[in-house]
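Letters go in sequence order (proteins before strands), and every chain restarts at 1. Bear in mind the structure is a predicted one, so any value in this text is a computation, not a measurement.
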Amino acid sequence: MSQGEPSAPARGESASPVSIGLVFLCTVLGAAAQILMKRGANHLTGVGWWGILTNLPLMAGYVLYGVNTMLLVTALRRGHLSVLYPIIALTYVWVTILSPMFFVDPLNGFKVAGVALIVGGVSMIGVGTRA
Amino acid sequence: MTTPFSSMALVLGASFVGSFAAVSLKSGADRLAPGFWRIFFSWRIGLGVALFLLSSVLFVAGLKNGSLTVLYPMVSLGYVWTLFWSRWFFHEPFNRSKILGLLLILMGVSCIGLGNR
(Lines give C-alpha, C1' and ligand atoms only; values in the text may rest on other atoms or scores of the structure.)
Protein backbone atom coordinates (compact mmCIF):
# COMPACT_ATOMS: atom_id res chain seq x y z
CA MET A 1 0.00 0.00 0.00
CA SER A 2 1.48 3.37 -0.96
CA GLN A 3 2.13 5.92 1.73
CA GLY A 4 -0.11 8.90 2.29
CA GLU A 5 -3.30 7.62 0.70
CA PRO A 6 -6.22 9.77 1.83
CA SER A 7 -8.10 6.90 3.47
CA ALA A 8 -5.11 5.38 5.28
CA PRO A 9 -5.21 5.78 9.06
CA ALA A 10 -3.05 8.65 10.26
CA ARG A 11 -0.21 7.97 12.67
CA GLY A 12 -1.55 7.18 16.12
CA GLU A 13 -5.00 6.41 14.75
CA SER A 14 -6.22 2.81 14.74
CA ALA A 15 -8.90 3.24 12.07
CA SER A 16 -9.36 5.76 9.28
CA PRO A 17 -12.57 7.83 9.32
CA VAL A 18 -13.43 6.29 5.93
CA SER A 19 -13.21 2.79 7.44
CA ILE A 20 -15.38 3.78 10.37
CA GLY A 21 -17.91 5.28 7.95
CA LEU A 22 -17.91 2.11 5.82
CA VAL A 23 -18.59 -0.15 8.82
CA PHE A 24 -21.34 2.25 9.89
CA LEU A 25 -22.88 1.84 6.43
CA CYS A 26 -22.53 -1.95 6.86
CA THR A 27 -24.67 -1.82 10.00
CA VAL A 28 -27.46 0.07 8.19
CA LEU A 29 -27.38 -2.35 5.24
CA GLY A 30 -27.12 -5.33 7.62
CA ALA A 31 -30.25 -4.19 9.47
CA ALA A 32 -32.09 -3.74 6.14
CA ALA A 33 -30.95 -7.25 5.13
CA GLN A 34 -32.22 -8.77 8.38
CA ILE A 35 -35.61 -7.07 8.06
CA LEU A 36 -35.95 -8.10 4.41
CA MET A 37 -35.02 -11.71 5.23
CA LYS A 38 -37.46 -11.83 8.13
CA ARG A 39 -40.23 -10.49 5.88
CA GLY A 40 -39.30 -12.99 3.19
CA ALA A 41 -39.26 -15.88 5.66
CA ASN A 42 -42.68 -14.81 6.99
CA HIS A 43 -44.13 -14.96 3.47
CA LEU A 44 -42.46 -18.06 2.11
CA THR A 45 -44.88 -19.46 -0.47
CA GLY A 46 -43.10 -21.87 -2.83
CA VAL A 47 -41.68 -25.22 -1.83
CA GLY A 48 -38.02 -26.01 -1.10
CA TRP A 49 -35.22 -24.29 -3.00
CA TRP A 50 -37.61 -22.85 -5.59
CA GLY A 51 -39.54 -21.09 -2.83
CA ILE A 52 -36.33 -19.52 -1.51
CA LEU A 53 -34.96 -18.54 -4.94
CA THR A 54 -38.20 -16.86 -6.04
CA ASN A 55 -38.67 -14.98 -2.76
CA LEU A 56 -37.66 -11.42 -3.65
CA PRO A 57 -37.18 -9.96 -0.12
CA LEU A 58 -35.15 -13.00 0.94
CA MET A 59 -32.92 -12.80 -2.14
CA ALA A 60 -32.51 -9.03 -1.71
CA GLY A 61 -31.40 -9.72 1.86
CA TYR A 62 -28.74 -12.16 0.66
CA VAL A 63 -27.48 -9.68 -1.96
CA LEU A 64 -27.23 -6.97 0.71
CA TYR A 65 -25.19 -9.33 2.88
CA GLY A 66 -22.84 -9.89 -0.04
CA VAL A 67 -22.40 -6.14 -0.57
CA ASN A 68 -21.93 -5.80 3.18
CA THR A 69 -19.07 -8.28 3.25
CA MET A 70 -17.27 -6.41 0.48
CA LEU A 71 -17.66 -3.11 2.31
CA LEU A 72 -16.42 -4.69 5.55
CA VAL A 73 -13.31 -6.11 3.83
CA THR A 74 -12.62 -2.70 2.26
CA ALA A 75 -12.93 -1.08 5.69
CA LEU A 76 -10.70 -3.65 7.39
CA ARG A 77 -7.81 -2.73 5.07
CA ARG A 78 -7.49 0.63 6.80
CA GLY A 79 -8.16 -0.05 10.42
CA HIS A 80 -7.83 -2.27 13.43
CA LEU A 81 -10.23 -5.19 13.78
CA SER A 82 -10.63 -4.48 17.50
CA VAL A 83 -11.96 -0.99 16.67
CA LEU A 84 -14.02 -1.73 13.57
CA TYR A 85 -15.65 -5.04 14.49
CA PRO A 86 -17.57 -3.87 17.60
CA ILE A 87 -19.20 -1.11 15.52
CA ILE A 88 -21.25 -3.91 13.91
CA ALA A 89 -23.23 -4.04 17.18
CA LEU A 90 -25.05 -0.95 15.88
CA THR A 91 -27.00 -3.39 13.68
CA TYR A 92 -28.93 -4.35 16.85
CA VAL A 93 -29.80 -0.67 17.31
CA TRP A 94 -31.30 -0.24 13.82
CA VAL A 95 -33.13 -3.58 13.91
CA THR A 96 -34.62 -2.79 17.33
CA ILE A 97 -35.71 0.70 16.27
CA LEU A 98 -37.06 -0.38 12.85
CA SER A 99 -38.78 -3.66 13.81
CA PRO A 100 -41.90 -1.99 15.30
CA MET A 101 -42.54 -0.39 11.88
CA PHE A 102 -42.48 -3.69 10.01
CA PHE A 103 -43.54 -6.37 12.51
CA VAL A 104 -45.61 -6.69 15.65
CA ASP A 105 -42.54 -6.10 17.76
CA PRO A 106 -43.08 -3.11 20.08
CA LEU A 107 -40.29 -1.23 21.84
CA ASN A 108 -40.01 -1.47 25.63
CA GLY A 109 -37.78 -0.14 28.40
CA PHE A 110 -35.23 -2.94 28.11
CA LYS A 111 -34.83 -2.42 24.37
CA VAL A 112 -34.44 1.35 24.73
CA ALA A 113 -31.84 0.85 27.48
CA GLY A 114 -30.04 -1.72 25.31
CA VAL A 115 -29.96 0.67 22.35
CA ALA A 116 -28.54 3.45 24.56
CA LEU A 117 -25.86 1.17 26.02
CA ILE A 118 -24.75 -0.10 22.60
CA VAL A 119 -24.55 3.44 21.19
CA GLY A 120 -22.54 4.45 24.28
CA GLY A 121 -20.19 1.48 23.92
CA VAL A 122 -19.54 1.98 20.20
CA SER A 123 -18.96 5.72 20.76
CA MET A 124 -16.52 4.98 23.55
CA ILE A 125 -14.48 2.67 21.30
CA GLY A 126 -14.61 5.33 18.57
CA VAL A 127 -13.39 8.04 20.92
CA GLY A 128 -10.54 5.75 22.02
CA THR A 129 -9.18 5.58 18.45
CA ARG A 130 -8.15 9.23 18.80
CA ALA A 131 -6.05 8.60 21.89
CA MET B 1 -38.65 -20.76 29.94
CA THR B 2 -35.70 -23.10 30.36
CA THR B 3 -32.89 -22.98 27.87
CA PRO B 4 -31.62 -26.35 26.67
CA PHE B 5 -27.90 -26.96 26.94
CA SER B 6 -27.77 -27.73 23.22
CA SER B 7 -29.02 -24.20 22.40
CA MET B 8 -26.36 -22.63 24.61
CA ALA B 9 -23.66 -24.80 23.03
CA LEU B 10 -24.85 -23.90 19.52
CA VAL B 11 -24.91 -20.16 20.24
CA LEU B 12 -21.53 -20.23 21.96
CA GLY B 13 -20.12 -22.24 19.05
CA ALA B 14 -21.65 -19.74 16.61
CA SER B 15 -20.06 -16.77 18.38
CA PHE B 16 -16.71 -18.56 18.37
CA VAL B 17 -16.87 -19.50 14.67
CA GLY B 18 -18.05 -15.96 13.82
CA SER B 19 -15.05 -14.42 15.57
CA PHE B 20 -12.71 -16.52 13.41
CA ALA B 21 -14.64 -15.37 10.35
CA ALA B 22 -13.72 -11.80 11.30
CA VAL B 23 -10.07 -12.81 11.74
CA SER B 24 -10.02 -14.49 8.34
CA LEU B 25 -11.60 -11.44 6.61
CA LYS B 26 -9.13 -9.12 8.32
CA SER B 27 -6.08 -11.16 7.32
CA GLY B 28 -7.46 -11.42 3.77
CA ALA B 29 -8.10 -7.67 3.68
CA ASP B 30 -4.56 -6.92 4.84
CA ARG B 31 -3.11 -8.99 1.99
CA LEU B 32 -5.45 -7.74 -0.73
CA ALA B 33 -3.70 -6.21 -3.74
CA PRO B 34 -5.41 -3.19 -5.33
CA GLY B 35 -8.13 -4.02 -7.85
CA PHE B 36 -11.83 -4.71 -7.39
CA TRP B 37 -11.92 -8.34 -8.53
CA ARG B 38 -9.12 -9.48 -6.21
CA ILE B 39 -11.62 -9.80 -3.38
CA PHE B 40 -13.22 -12.80 -5.15
CA PHE B 41 -9.93 -14.70 -5.42
CA SER B 42 -8.64 -14.47 -1.86
CA TRP B 43 -8.94 -17.80 -0.06
CA ARG B 44 -8.81 -16.00 3.30
CA ILE B 45 -11.84 -13.89 2.39
CA GLY B 46 -13.60 -16.96 1.00
CA LEU B 47 -12.92 -18.80 4.25
CA GLY B 48 -14.21 -15.80 6.22
CA VAL B 49 -17.47 -15.79 4.26
CA ALA B 50 -17.84 -19.57 4.72
CA LEU B 51 -17.27 -19.24 8.48
CA PHE B 52 -19.82 -16.40 8.68
CA LEU B 53 -22.38 -18.58 6.89
CA LEU B 54 -21.63 -21.49 9.24
CA SER B 55 -21.97 -19.25 12.29
CA SER B 56 -25.30 -17.88 11.06
CA VAL B 57 -26.63 -21.44 10.58
CA LEU B 58 -25.52 -22.29 14.14
CA PHE B 59 -27.10 -19.08 15.49
CA VAL B 60 -30.45 -19.81 13.85
CA ALA B 61 -30.40 -23.39 15.15
CA GLY B 62 -29.43 -22.24 18.65
CA LEU B 63 -31.92 -19.37 18.91
CA LYS B 64 -34.85 -21.57 17.86
CA ASN B 65 -35.23 -22.97 21.38
CA GLY B 66 -34.59 -21.41 24.72
CA SER B 67 -34.75 -17.99 26.30
CA LEU B 68 -33.25 -14.97 24.54
CA THR B 69 -32.45 -13.57 27.99
CA VAL B 70 -29.85 -16.30 28.33
CA LEU B 71 -28.83 -16.63 24.69
CA TYR B 72 -28.42 -12.97 23.63
CA PRO B 73 -25.56 -12.25 26.03
CA MET B 74 -23.85 -15.34 24.59
CA VAL B 75 -24.34 -14.01 21.05
CA SER B 76 -22.44 -10.86 21.96
CA LEU B 77 -19.50 -12.85 23.34
CA GLY B 78 -18.34 -12.94 19.72
CA TYR B 79 -17.09 -9.37 20.25
CA VAL B 80 -15.04 -10.50 23.24
CA TRP B 81 -13.38 -13.34 21.31
CA THR B 82 -12.64 -10.95 18.46
CA LEU B 83 -10.93 -8.51 20.85
CA PHE B 84 -8.65 -11.31 22.04
CA TRP B 85 -7.89 -12.50 18.49
CA SER B 86 -7.14 -8.89 17.44
CA ARG B 87 -4.40 -8.79 20.01
CA TRP B 88 -3.22 -12.36 19.47
CA PHE B 89 -3.07 -12.39 15.65
CA PHE B 90 -2.70 -8.71 14.71
CA HIS B 91 -0.94 -7.30 17.79
CA GLU B 92 -3.56 -4.59 18.24
CA PRO B 93 -3.41 -2.94 21.65
CA PHE B 94 -5.99 -3.36 24.40
CA ASN B 95 -6.95 -0.06 25.93
CA ARG B 96 -9.43 1.14 28.50
CA SER B 97 -11.87 2.57 25.97
CA LYS B 98 -12.05 -0.71 24.00
CA ILE B 99 -12.68 -2.79 27.12
CA LEU B 100 -15.22 -0.37 28.61
CA GLY B 101 -16.93 0.11 25.26
CA LEU B 102 -17.19 -3.66 24.79
CA LEU B 103 -18.62 -4.05 28.28
CA LEU B 104 -21.33 -1.49 27.46
CA ILE B 105 -22.09 -3.33 24.21
CA LEU B 106 -22.42 -6.66 26.09
CA MET B 107 -24.79 -5.04 28.59
CA GLY B 108 -26.75 -3.44 25.75
CA VAL B 109 -27.16 -6.69 23.80
CA SER B 110 -28.19 -8.44 27.03
CA CYS B 111 -30.82 -5.74 27.65
CA ILE B 112 -32.22 -6.19 24.14
CA GLY B 113 -32.37 -9.93 24.87
CA LEU B 114 -34.40 -9.15 28.00
CA GLY B 115 -36.66 -6.86 25.98
CA ASN B 116 -37.27 -9.51 23.31
CA ARG B 117 -38.66 -12.09 25.74
Side-chain angles (χ1 to χ4, degrees), chain A residues 1-2 5 14-15 19 33-34 37 41 62 65-66 68-93 95-97 99 105-131, chain B residues 18-19 21-23 25-34 36 38-40 42 44-45 48-49 52-53 56 69 72 75-76 78-87 89-117:
Chain A
M1 217 35 55
S2 64
E5 279 188 44
S14 42
S19 286
Q34 285 186 25
M37 291 172 94
Y62 280 119
Y65 265 127
N68 232 349
T69 308
M70 287 161 66
L71 292 178
L72 182 63
V73 168
T74 308
L76 286 173
R77 296 178 67 177
R78 304 282 202 295
H80 282 174
L81 185 63
S82 55
V83 171
L84 296 174
Y85 195 67
I87 300 175
I88 295 175
L90 286 179
T91 311
Y92 286 105
V93 170
V95 170
T96 305
I97 293 174
S99 285
D105 205 357
L107 281 176
N108 56 42
F110 281 120
K111 290 187 190 176
V112 172
V115 162
L117 284 166
I118 292 174
V119 170
V122 170
S123 314
M124 180 162 280
I125 293 171
V127 168
T129 64
R130 306 264 165 195
Chain B
S19 69
V23 168
L25 287 185
K26 170 67 177 161
S27 75
D30 285 343
R31 288 168 174 81
L32 215 54
F36 176 77
R38 298 296 179 99
I39 196 169
F40 297 103
S42 156
R44 289 184 171 85
I45 290 170
V49 170
F52 262 132
L53 287 175
S56 69
T69 313
Y72 253 45
V75 169
S76 60
Y79 297 109
V80 178
W81 313 139
T82 308
L83 185 67
F84 282 114
W85 306 150
S86 304
R87 187 179 170 94
F89 293 110
F90 308 114
H91 313 290
E92 296 175 13
F94 275 176
N95 59 38
R96 208 182 305 161
S97 78
K98 281 180 193 172
I99 293 167
L100 270 173
L102 212 60
L103 225 63
L104 288 177
I105 291 172
L106 294 192
M107 285 160 58
V109 176
S110 307
C111 270
I112 290 179
L114 280 168
N116 274 331
R117 269 183 307 186

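- For a residue to count as touching a neighbouring chain, one of its non-hydrogen atoms must lie under 4.5 Å from one of that chain's; by this rule B:V49 touches chain A with the side chain only.
- Annotation: the span from B:D30 atom CG to A:R78 atom CZ amounts to 10.5 Å, rounded to 0.5 Å.
- Separation of atoms OG1 (B:T82) and CD1 (A:I88) is listed at 8.5 Å; rounding is to 0.5 Å.
- With rounding to the nearest 0.5 angstrom, the CG atom of A:L72 is 10.0 Å from the NZ atom of B:K26.
- By the 6.0 Å contact criterion, CZ on B:F89 is enclosed, its count of non-hydrogen atoms from other residues, nucleotides or ligands being greater than 12.
- Proximity to chain A (any heavy atom under 4.5 Å) is restricted, for B:F40, to the side chain, taken from C-beta onward.
- A donor-acceptor pair is defined here as one N or O able to donate and one able to accept, closer than 3.5 Å; no such pair exists between the side chain of A:Y85 and the backbone of B:S86.
- The number of heavy-atom neighbours closer than 6.0 Å to CZ of B:F90, taken from other residues, nucleotides and ligands shown, is above 12.
- With a threshold of 4.5 angstrom between heavy atoms, B:I112 approaches chain A through its backbone and through its side chain.
- Only the side chain of B:F52 comes within less than 4.5 Å of a heavy atom in chain A; its backbone stays farther off.
- In this structure, the side chain to side chain contact (heavy atoms under 4.5 Å, CB included) partners of A:N108, at least two apart in sequence or on a different chain, are A:F110, A:K111.
- In this structure the side chain of A:D105 reaches within 4.5 angstrom of the side chain of B:N116, judged on heavy atoms.
- Of the listed residues B:G28, B:S76, B:G113, B:A29, the one with more heavy-atom pairs under 4.5 angstrom with chain A than any other is B:A29.
- Smallest separation of non-hydrogen atoms from A:G114 and B:C111: CA-CB, 3.5 Å.
- Distance check: A:H80 NE2 to B:R87 CZ gives 12.0 Å after rounding to the nearest 0.5 Å.
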N/O donor to acceptor pairs below 3.5 angstrom from side-chain atoms of residues 97-108 of chain B, sequence neighbours left out:
residue	atom	partner	partner atom	Å
B:S97	OG	B:N95	OD1	3.0
B:K98	NZ	A:S82	OG	2.8
B:K98	NZ	B:P93	O	2.7

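- Looking at B:I39, the atoms closer than 4.5 Å to chain A (heavy atoms on both sides) all sit in the side chain, from C-beta outward.
- Here the closest heavy-atom approach between residue A:Y92 and residue B:V75 is recorded as OH-CG1, 3.0 Å.
- When the candidates A:T74, A:I118, A:L81, A:L76 are compared by the number of heavy-atom contacts under 4.5 Å with chain B, A:L81 comes out ahead.
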